[in-house]
Each structure stands twice: as C-alpha cells, then as structure tokens.
Amino acid sequence: PVPAAAAAVKPPPQAVAAESSQRSGSGAYFGIQVPYNSIDGDFDGTNMPEVDSGVGFGLILGYHFSPQFGMELDWASSGHNSVGADIDFDEFSLNMKFSFLPDGSARPFLFAGIGTFTLGDSSLTFGGTGYNLGFGVDFHVGDQNSIGLALIRKIITSDEITKSEIPLTLVGDLEGDTTSIRFDFTHHF
C-alpha cells in the first residue's frame with residue numbers, strides 16, 4: 001500500500017493593518033507645540049522697550065502631500081515681560097515643510113511660510129505680517145506619532161496698532177524679528 005500523501009499545510013492569512021500617514025508618507029496630522037521666542041529688531045531698548053524671551057503654547061494642523069512635502073497651519077502664543085508689563089506674542093501662519101531625507105525615523109526638514117503676528121497687551125498691541133524660515137528634525141516614535149525640534153527665524157514688520165487705550169498712530173514700521181526654538185508633538189492620522 002502507498003502511504004497517504006501528507007496534506008499541505010498553509011499558514012493562516014495575516015491581517016494587514018491600515019497604513020498610517022507616517023508610513024505611507026501622506027495624510028493629515030495634528031499636534032501641539034511649545035515655542036521659546038526671543039524678540040529682536042526694534043524691540044531692543046533703543047527704538048522701543050526691550051522684550052524679554054518667553055515660552056508659549058500652540059497648535060499645529062497639517063497635511064503631508066507626499067513623504068517630502070507638507071503644509072501646516074500654526075497658531076502659537078507666548079508670554080513675555082517688557083518694562084515690568086506682561087505682554088503676549090501671537091502668531092497665526094501658513095507654512096510649508098520639505099523633508100530632504102523622507103525615509104527613516106529621523107527626518108530633517110526645511111520650513112518656510114507667511115503669517116500675521118501681534119505683540120502687546122490690552123493697553124497697546126502692535127500688529128503686522130512676516131515670514132518664517134527655519135530648519136529642524138522630526139523623530140518618528142511609534143506607528144503614528146512624532147516629536148520635532150526646529151529653529152525658526154520670523155522676519156516681522158509691525159505696521160499697525162491693533163489695540164490701544166488711547167488714540168495712537170504708528171509713524172513708520174517696527175521690525176520685530178523673532179528667533180523661535182520650537183518643540184512639538186504630532187499625531188498622524
């Protein structure tokens with residue numbers, strides 16, 4: 001008699017998990033940021049009172065079009081002191097990110113964008129527009145999360161008084177260039 005042929009054993013099919021935006025290189029992300037802002041330019045004690053550096057908090061809403069290109073809306077606010085008064089530096093900007101090494105767990109990037117900025121308190125607030133230029137690195141941790149560190153230069157021209165207790169007119173523009181060190185945590189959908 002011929003022995004019965006051994007039945008071929010197939011391994012059970014493995015479930016395929018949905019690919020996160022971090023792995024596919026595209027998709028939406030949401031995050032929080034902690035900026036450390038140092039305000040320079042005309043706010044140096046010569047043209048206008050000096051503004052001390054300060055730490056803040058902000059939100060990030062972004063979308064990666066590909067592993068290399070992304071766009072984000074950023075909102076941030078930081079607290080500062082100037083001549084004994086507590087003042088705020090606020091930003092709302094649209095920025096582009098270009099990752100020049102899009103693979104791997106550490107992804108260095110270039111950062112550029114435009115935004116609106118305000119500096120002041122309820123008695124006097126200056127407003128204007130500016131540009132963001134910087135570089136940084138995102139470290140991908142886990143399947144859908146990343147932490148980032150960036151150095152960003154904000155080139156700001158304050159050309160209006162957005163809030164004042166008494167009627168004032170700004171004669172000329174004020175340069176409020178700001179250097180930011182930004183730490184962020186983002187979740188990729």
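Positions are given from 1 along the sequence.
- The backbone N or O of F43 lies less than 3.5 Å from no partner atom in the side chain of D40, so there is not a single donor-acceptor pair.
- Residues L101 and F111 fall into different hydrophobic clusters, defined by Ile, Leu, Val, Met, Phe, Trp and Tyr side chains chained together at heavy-atom separations under 4.5 Å.
- Remark: side-chain polar atoms of Q144 are paired, donor with acceptor, to backbone N or O of H188 under 3.5 angstrom.
- Side chains of S78 and H80: a donor-acceptor N/O pair is present below 3.5 angstrom, by distance only.
- Side-chain heavy atoms closer than 4.5 Å link hydrophobic residues (I, L, V, M, F, W, Y) into clusters, and following such links, even through other members, never connects Y131 to M71.
- Residues in residues 178-189 take part in these salt bridge (charged side-chain N to carboxylate O under 4.0 Å, His left out) pairs, two or more places apart or across chains: E72-R182, D74-R182, R182-D184.
- In this structure, F57 has no ring-ring contact (aromatic ring centres under 6.0 Å, His included) partners at least two apart in sequence or on a different chain.
- The closest side-chain donor-acceptor pair between T186 and S146 falls under 3.5 angstrom.
- When all heavy atoms of S82 and P49 are compared, the pair lying nearest together is OG-CB, 3.6 Å.
- In terms of modelled atom types and a separation under 3.5 Å, the side chain of D44 and the main chain of T46 share a donor-acceptor contact.
- For the residue pair T157/D159, the side-chain donor-acceptor check at 3.5 Å is not satisfied.
- Of all non-hydrogen atoms in I156 and E175, the two that sit nearest each other are O-OE1, 3.3 Å.
- Taken together through direct or relayed side-chain contacts under 4.5 Å among Ile, Leu, Val, Met, Phe, Trp and Tyr, Y63 and F92 form part of one hydrophobic cluster.
- In this structure, L94 is not a member of the same hydrophobic cluster as L133, with clusters built from ILVMFWY side-chain heavy atoms closer than 4.5 Å.
- Minimum heavy-atom separation, D42 to D173: OD2-O, 3.9 Å.
- Between N132 and E91, the side chains place a donor N or O and an acceptor N or O closer than 3.5 Å (distance only, hydrogens not considered).
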